[in-house]
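Reading through the structure tokens given below for one structure.
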Amino acid sequence: SAAEWGYTKRNGPFTWAKNYPTAAGIRQSPVDIDTALATSDSSLESKPLRWKYVPQNTRTIVNSGHGWRVDVDSEGSELVGGPLEGTYKLQQFHCHWGSSSDKGSEHTVDGQSYAAELHLVHWNSSKYADCGEAADYPDGLTVLGVLLKVGAKNPELQKVIDLIPSISHRGEKTEVKEAIDPAKMLPKTLSYWTYLGSLTVPPCNESVTWILFKEPVEVSEEQLAAFRSLRCYKRGEECPCDEVDGLLISNYRPTLPLGTRELRECGS
Ligand SMILES: COc1ccc(C[C@H]2SC(=S)NC2=O)c(OC)c1
Ligand SMILES: [Zn+2]
């Protein structure tokens with residue numbers, strides 16, 4: 001498409017609603033988590049969140065032009081419990097970051113941004129045939145969100161970083177040879193906030209049950225710098241975006257109003 005969506009002034013989040021009307025909906029993500037508004041819910045406490053991943057099923061890593069994404073063979077994975085009805089399977093995981101580590105997460109907590117945010121995207125395999133179909137239904141998807149803050153090098157994410165040089169340009173992909181265990185990228189304590197929202201990139205489908213862990217996980221400045229070395233254009237083509245030589249230095253959507261949606265929490 002002519003002016004594909006992106007994160008620059010010309011094609012960024014404030015222009016998306018032109019081509020993707022759902023982006024202007026009332027159930028959009030990300031949001032600011034106003035911790036004072038969160039209500040604790042005994043039904044969440046009574047059904048602990050449980051997941052099972054198969055590290056060997058992490059297949060390929062691709063430069064989508066909007067960031068890196070690790071695609072997973074859903075078979076053998078499952079996510080149940082908490083706010084969820086039925087079983088969800090892992091489809092892919094990816095990250096959002098900013099041009100400097102004072103910003104970059106998509107959700108904010110009491111107005112505070114983190115350096116980045118990891119998304120593990122799951123689809124409702126109890127009701128739908130695949131992720132694409134599930135994305136069209138209000139209970140179709142669940143995303144586990146993990147806030148990333150600057151600190152120690154993250155060994156599991158380092159396996160992704162090591163592959164970034166081979167997917168430097170848009171459309172490039174490579175096999176993930178060394179199994180990456182998504183479970184190892186989750187925080188130790190499993191307290192979370194949950195609310196009904198959307199995909200944070202176009203077409204911004206309002207089909208996501210969000211589960212955002214409260215405890216941030218550490219990542220190093222060098223690892224964040226590696227994310228920003230990805231390019232948003234194809235090798236051999238010139239850069240369409242007006243980013244400094246087409247580097248993907250920032251790919252987070254600013255927060256949208258929670259509106260009348262309920263924000264629930266589980267755990268302290
Ligand atoms: C059709 O199903 C999907 C599922 C996930 C994504 C990834 C998005 S959604 C999110 S949260 N963060 C992202 O980057 C899709 O992107 C078009 C589409
Ligand atoms: Zn995302």
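Remember, it's 1-based here, ligands and their atoms both numbered in the order they're listed. In what follows, every heavy atom counts, from backbone to side chain, and hydrogens, waters and symmetry copies are set aside. It should be emphasised that the depicted structure is a prediction, and the values quoted were computed from it without experimental measurement.
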Please state which part of Gln91 comes within less than 4.0 Å of ligand 1, counting heavy atoms only: side chain, backbone, both or neither.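 Gln91 to ligand 1: no contact under 4.0 Å from either part.
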
Relative to ligand 1, is Thr200 under 4.0 angstrom through side chain, backbone, both or neither, heavy atoms considered?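 Looking at Thr200 and ligand 1, atoms from backbone and side chain both fall under 4.0 Å.
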
Polar side chain donor-acceptor pair, [X] to [Y], under 3.5 angstrom:
X	Y	answer
Tyr128	Asp139	yes
Ser29	Tyr195	yes
Asp110	Thr35	yes
Thr22	Arg27	no

What protein heavy atom sits nearest atom 8 (C) of ligand 1, and how far off is it?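 Protein heavy atom at minimum distance: Val201 CG2, 3.4 Å.
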
Donor-acceptor pair, side chain of Arg261 and main chain of Gln28, under 3.5 angstrom: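 Answer holds: yes.
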
Just go through [options] and tell me whose heavy atom is the nearest to [atom].
atom	options	answer
atom 18 (C) of ligand 1	Leu199, Asn205, Asn251	Leu199
atom 17 (C) of ligand 1	Pro202, Gly197, Ser207	Pro202
atom 12 (N) of ligand 1	His94, Arg253, Glu133, Glu106	His94

Do any heavy atoms of Trp210 fall under 4.0 Å from ligand 1?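 The answer is yes: ligand 1 sits under 4.0 Å from a heavy atom of Trp210.
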
Close approach, Gly67 and ligand 1, non-hydrogen under 4.0 angstrom: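 No, Gly67 has no heavy atom closer than 4.0 Å to ligand 1.
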
Determine the minimum heavy-atom distance between Ser207 and Ala135, stating which atoms define it.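 Here Ser207 and Ala135 meet closest at OG-O, 3.0 Å.
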
Enter the distance from Glu206:CD to Tyr137:OH here, rounded to the nearest 0.5 Å.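 Atom-to-atom, Glu206:CD and Tyr137:OH are 16.0 Å apart.
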
Taking atom NZ as the centre, does Lys153 end up with more than 12 heavy-atom neighbours from other residues, nucleotides or ligands that are less than 6.0 angstrom away?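 No, the 6.0 Å shell around NZ holds no more than 12 heavy atoms from other groups.
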
Which N/O/S atom belongs to His96 and is the closest one to the Zn ion (ligand 2)?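 Minimum-distance N/O/S atom of His96 relative to the Zn ion (ligand 2) is NE2.
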
Name of whichever N/O/S atom of His119 is nearest to the Zn ion (ligand 2):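 This turns out to be ND1.
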
Cys95 near the Zn ion (ligand 2) via N/O/S, less than 2.8 Å: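 Cys95 does not place any N, O or S atom closer than 2.8 Å to the Zn ion (ligand 2).
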
Quick check: do Thr108 and Pro30 have side-chain heavy atoms less than 4.5 Å from each other?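 Side chain of Thr108 against side chain of Pro30, heavy atoms only: no contact under 4.5 Å found.
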
Of all the atoms in ligand 1, which lie at a distance below 4.0 Å from a heavy atom belonging to Ala135?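 So the answer, numbered in order with elements, is 1 (C), 2 (O).
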
Element-labelled atoms of ligand 1 that are located less than 4.0 Å from some non-hydrogen atom of Gln92: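 The list of qualifying atoms is 5 (C), 6 (C), 7 (C).
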
